Amino acid sequence: MTVRVRFAPSPTGHLHIGGVRTALFNFLYARHTGGKFILRLEDTDADRNVPGAEQAFVDAFHWLGLTWDEGFDIGGPYGPYRCSERVAIYRSHADQLLAAGRAYACFCPQSDAKETPSEEEGGEGPAGAMGCSGGCASLAADEALRRIRAGEPHAIRFRAPSGPPIVVRDIIRGEIAFERDDLRDFVIIKRDGMPTYNFQVAIDDHLMAITHVIRGEEHLSNTPRQLLVYEAFGWQPPQFAHLPIVLDESRKKLSKRDPNVLPVSAYRERGYVPQAIVNFLALLGWSPGGEEEIFSLEALCERFDLDRVGRAGAVFDLAKFQWMANQYFKALAPHEAVRLIREQAGVLGYRLPPYADDSWLERAVSLVQDGLTCARDFFSAASVWLEPEVAYDEEARALLETEGAHRVIEAYLSACEQDPVWDEAANRARTQAVGRALGVKGKDLFMPIRAALTGQLHGPDLQKSMALLPREIAMERMRRALALSEARDHQGR
RNA sequence: GGCCCCAUGGUCAAGUGGUUAAGACACCACCCUUUCACGGUGGUAACGGGGGUUCGAAUCCCCCUGGGGUCACCA
């Protein structure tokens, strides 16, 4: 039997990192086993559907390099793959259950008791929030039918039979037993005619011949209800694999609004390398066992298996993520990095200076690429070459105010004025000549120049850095640096 | 609160009865570098607690503690 797995998001917002992780594990498992990966859209809550969300999923997965074999966008033999287009299917299944007496119409007013048992009252236990408290379960069939015909609003509840515990067989966690008494009668069709998740998911997974349900651990406690649905129809349930939850720094389930963890689209917008996200997420809850950590998508497909997925929740560690992002960004070929940077300039609406042609950009990136995590980082890392104005930081200012620095810059500037050649080699030679003439070397020679030109005491290789700056701008900065120290001199007297 | 899951350094994690308890991120130190970053070397740091089982427990069992998830006519 070939493996069939699915990722079934609801289009209620952007795709977040936890969802990507779940999708990725499904994808990897399908590819590893030679099975099918299916994308289904669980859009049965019309009120919460966000327009554009489904396209955003598709775009995000394409960007990440995930591919699927059947889905709401491409169709397939088990369609439709949009739950809102399958309501007739859920209805007819509910009718079967109704006819068999395994479900009943519930006319109770919609329970507003969705709140958890009030903590203040010492907790009376879960109030009547679950199950039907109005006696609908024991209504005579013809009476129920009459009220339905009369147009009375109603939901359909599953009649949870008593019996032995329900056992979830989970590939990752083993067997987990749930008492049926804890389940009660749950709604399968809402009064608006839409199915609830626990009903819909079981029917779709069965009808779509899903063999393995791989999803987040938060779904574990719902699984027995779904198993009840399988049981009622006499279906063979799929295998389950509940993934450890992705946690934030305070060990809570990752929220969609976590300030540190961006929606996937945001990573794309900032010019991250998608493979970095895939690689990082693959290692969250799964371990390849060896000591390597950098894996291509292909390598992940080959190695991934459910038997090495962990059970404990995994914290999304931002620092490690950035490290991973950097691993990929600095491995980019120069022209690739430049492409991302140009794209990023577009996103930011940033106007690159006229001298920033491709070859200039390649030289510029190569000087800072080792430290970048995404294309957006380039604009701060390279600001000294990009921005017309220098901002002298405190250290630089202090240095420039010394007499030694003043002399070096003065000499360097006049050497520039006499020689129009401006490239790395010429600058290097000029620096050395100035050093000889002044009897200055080492830090005392290089630092003033660096400070004058970049406003900082640290940065990439000075000569390369300098060569990136047009001669006129460089000379202007030296003049400004001299003015800085002169101004101080006057003040001082 | 009920039910359920989980528990190795700050974080990700290897480990499946006998190990000096890997590795990575982060952190610290040193080296490289005229600076910074990268890189290299080294270091600090863990089996939550208590009972068992066993010749021997991070590994198996029980209890406790702690953390998390879930309790909707959301998915």
Side-chain angles (χ1 to χ4, degrees), chain A residues 8-12 42-45 47-48 83 106 108-119 121-126 129-130 153-157 168 170 172-173 176-179 181-184 186-198 200-201 215-224 242 244-245 247 249-253 280 283-294 308 310-324 326 330 367-372 381 395 441-447 450-451 454 456-462:
Chain A
S10 74
T12 52
E42 308 211 326
D43 55 350
T44 52
D45 187 347
D47 294 342
R48 308 205 319 164
C83 296
C106 174
C108 298
Q110 193 163 327
S111 165
D112 52 346
K114 54 176 179 279
E115 76 276 358
T116 45
S118 54
E119 299 89 355
E121 325 237 334
E124 284 276 306
M130 266 170 74
H154 64 282
I156 298 175
R157 281 184 191 274
V168 178
D170 191 281
I172 295 169
R173 288 154 213 281
I176 304 148
F178 294 84
E179 294 297 332
D181 291 346
D182 295 329
L183 263 21
R184 319 241 206 141
F186 55 95
V187 171
I188 57 176
I189 300 285
K190 304 184 252 182
R191 68 177 51 208
D192 66 0
M194 286 302 219
T196 58
Y197 172 71
N198 287 126
Q200 167 268 117
V201 76
R215 74 219 315 188
E217 189 194 331
E218 65 269 28
H219 287 283
L220 190 52
S221 43
N222 271 322
T223 309
H242 286 96
I245 265 175
L247 309 165
E249 286 106 322
S250 52
R251 302 206 130 262
K252 297 263 187 289
K253 186 168 101 172
F280 177 76
L283 264 19
L284 215 53
W286 172 76
S287 162
E291 291 189 359
E292 303 133 90
E293 302 227 70
I294 305 295
R308 292 196 66 85
R311 278 146 312 222
V315 173
F316 183 102
D317 184 49
L318 201 82
K320 183 146 188 182
F321 172 70
Q322 311 241 249
W323 171 81
M324 184 70 82
N326 172 251
K330 70 184 179 193
L367 287 192
V368 294
Q369 194 170 172
D370 275 353
L372 305 183
E395 287 177 317
K441 60 182 179 180
K443 261 184 167 170
D444 294 337
L445 174 60
F446 287 84
M447 277 306 179
R450 176 183 291 287
T454 70
Q456 299 170 343
L457 263 34
H458 55 80
D461 182 273
L462 179 58

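Quick note on labels: first sequence line is chain A, next is B, and so on, each numbered from 1. Since the structure is predicted, the reported quantities are computational estimates derived from the model, not experimental observations.
Across the protein-nucleic acid pair, Arg251(A) atom CZ and rU11(B) atom C1' stand 8 Å apart, rounded to whole Å. Rounded to whole Å, atom C1' of rC36(B) lies 11 Å from atom CD of Glu395(A). Note: CG (Asp461(A)) to P (rU34(B)) measures 9 Å, nearest angstrom. Between Asp370(A) atom CG and rU35(B) atom P the separation is 17 Å, expressed in whole Å. Distance Asn326(A) CG to rG39(B) C1': 12 Å, rounded to the nearest Å. Separating the CZ atom of Phe186(A) from the P atom of rU70(B) is a distance of 18 Å, rounded to the nearest angstrom. Distance CH2 (Trp286(A)) to C1' (rA14(B)): 13 Å, rounded to an integer number of Å. Atoms CZ (Arg191(A)) and C1' (rC73(B)) sit 7 Å apart, rounded to a whole Å.
Under the 3.5 Å distance criterion, the side-chain polar atoms of Thr196(A) are matched with a main-chain donor or acceptor of Val187(A). Proximity of a side-chain donor or acceptor of Asn326(A) to a complementary backbone N or O of Asp370(A) within less than 3.5 Å is detected.
In this structure, Asn222(A) has no side chain to side chain donor-acceptor pair (under 3.5 Å) partners at least two apart in sequence or on a different chain. Residues forming a ring-ring contact (aromatic ring centres under 6.0 Å, His included) with Tyr197(A) (at least two apart in sequence, or on another chain): His219(A). Every residue meeting the side chain to side chain donor-acceptor pair (under 3.5 Å) condition with Glu249(A), not counting sequence neighbours, appears here in chain and number order: Asn260(A).
Using a 4.0 Å heavy-atom cutoff across all strands shown, Lys253(A) reaches sugar-phosphate atoms only and no base atom. Residue contacts for Gly310(A): at a heavy-atom cut-off of 4.0 Å it reaches no nucleic acid atom on any strand shown. Here Leu284(A) lies in heavy-atom contact (under 4.0 Å) with sugar-phosphate atoms only. Arg450(A) comes within 4.0 angstrom of a nucleotide base, judged by non-hydrogen atoms across all strands. Nucleic acid contact class of His219(A) (heavy atoms, under 4.0 Å, all strands): base. Among the heavy atoms of the strands, none lies under 4.0 Å from Arg215(A). Among the heavy atoms of the strands, none lies under 4.0 Å from Lys441(A). Residue contacts shown for Ala155(A) include a base, since a base heavy atom lies under 4.0 Å away. Note on Asp444(A): nothing from the nucleic acid sits closer than 4.0 angstrom, heavy atoms only. Looking at heavy-atom distances under 4.0 Å, Thr12(A) makes no contact with the nucleic acid at all. Residue-level contact check: Pro195(A) touches the backbone only, with heavy atoms under 4.0 Å from sugar-phosphate atoms and none from bases.
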Practice task
Go along nucleotides 22-32 of chain B 5' to 3' and tag each nucleotide: B for a protein heavy atom under 4.0 Å from its base, S when only backbone or sugar atoms are that close, - otherwise.
Solution key: SSBS-------
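Looking only at side-chain heavy atoms (C-beta outward), Pro288(A) and Leu283(A) come within less than 4.5 Å of each other.
A 3.5 Å limit on both hydrogen-bonding distances identifies no Watson-Crick or G-U partner for rA13(B). Base pairing of rG2(B): its partner is rU70(B), meeting the Watson-Crick or G-U wobble criterion (both donor-acceptor distances under 3.5 Å). In this structure, rA46(B) forms no base pair with any nucleotide, since neither Watson-Crick nor G-U wobble geometry is met with both distances under 3.5 Å. For rA29(B), the paired base is rU41(B) (Watson-Crick or G-U wobble, both distances below 3.5 Å). The base-pairing partner of rA75(B), taking Watson-Crick or G-U wobble contacts with both distances under 3.5 Å, does not exist among the strands shown. Base pairing of rA21(B) is not made with any nucleotide, judged by Watson-Crick or G-U wobble geometry with both donor-acceptor distances under 3.5 Å. In this structure, rA7(B) forms a base pair with rU65(B), meeting either the Watson-Crick or the G-U wobble geometry with both donor-acceptor distances under 3.5 Å.
Comparing the same atom, C1', in rC47(B) and in rU19(B) gives a spacing of 13 Å after rounding to whole Å. Using C1' as the reference atom, rA21(B) and rG68(B) are 26 Å apart when rounded to the nearest Å. Taking atom C1' on both rG23(B) and rC63(B), the two are 34 Å apart, rounded to the nearest angstrom. Taking the C1' atoms as reference points, rG51(B) lies 28 Å from rA14(B), given to the whole Å. Rounded to a whole angstrom, the distance from the P atom of rA26(B) to that of rU20(B) is 30 Å. If you take atom C1' in rA57(B) and the same atom in rG50(B), they sit 15 Å apart, rounded to whole Å. Here the separation of rA24(B) from rC61(B), taken at their P atoms, is 32 Å to the nearest Å. A distance of about 31 Å separates the P atoms of rG67(B) and rU53(B), rounded to the whole Å.
Comparing rA14(B), rG69(B), rC36(B) by their closest approach to the side chain of Lys252(A) singles out rG69(B). Checking rC12(B), rG69(B), rG15(B) against every side-chain atom of Arg308(A), the shortest atom distance belongs to rG15(B).
Heavy-atom minimum distance, Arg173(A) versus Pro244(A): NH2-N, 3.5 Å. The two residues Ile189(A) and Pro195(A) come nearest to each other via the heavy atoms CD1-CA, 4.0 Å.
Rounding to the nearest 0.5 angstrom, the gap separating the CE atom in Met194(A) from the CG atom in Asp43(A) is 7.0 Å. Here Ile176(A) contributes atom CD1 and Ser221(A) contributes atom OG; the two are 10.0 Å apart, rounded to the nearest 0.5 Å.
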Which atom pairs, one a donor and one an acceptor, fall under 3.5 Å between side chains of residues 315-322 of chain A and the rest of the protein, sequence neighbours left out?
{"residue": "Asp317(A)", "atom": "OD2", "partner": "Lys320(A)", "partner atom": "N", "Å": "3.2"}
{"residue": "Lys320(A)", "atom": "NZ", "partner": "Glu293(A)", "partner atom": "OE1", "Å": "3.4"}
{"residue": "Lys320(A)", "atom": "NZ", "partner": "Glu293(A)", "partner atom": "OE2", "Å": "3.2"}

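Along RNA chain B, the nucleotide nearest Asp192(A) and the nucleotide nearest Met447(A) are compared for position; the residue whose nucleotide lies closer to the 5' end is Met447(A). Comparing Asn222(A) and Gly285(A) against RNA chain B, the residue whose closest nucleotide sits nearer the 5' end is Gly285(A).
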Exercise for the section: Decide side chain to side chain contact (heavy atoms under 4.5 Å, CB included) for Arg311(A) and Ile172(A); before the verdict, give the C-alpha distance in whole Å, the side-chain angles of both, and the deciding distance to 0.1 Å. Expected result: CA-CA 7 Å; Arg311(A) 278 146 312 222; Ile172(A) 295 169; 3.8 Å; yes
Practice task
Carefully, step by step, assess His242(A) and Arg215(A) under the rule side chain to side chain donor-acceptor pair (under 3.5 Å).
Solution key: CA-CA 5 Å; His242(A) 286 96; Arg215(A) 74 219 315 188; 3.1 Å; yes
When you compare the protein's N or O atoms with those of nucleotides 4-7 of chain B, which come within less than 3.5 Å of each other, and at what distance?
{"residue": "rC5(B)", "atom": "O2'", "partner": "Arg173(A)", "partner atom": "NH1", "Å": "2.6"}
{"residue": "rC5(B)", "atom": "O2'", "partner": "Glu217(A)", "partner atom": "OE2", "Å": "3.1"}

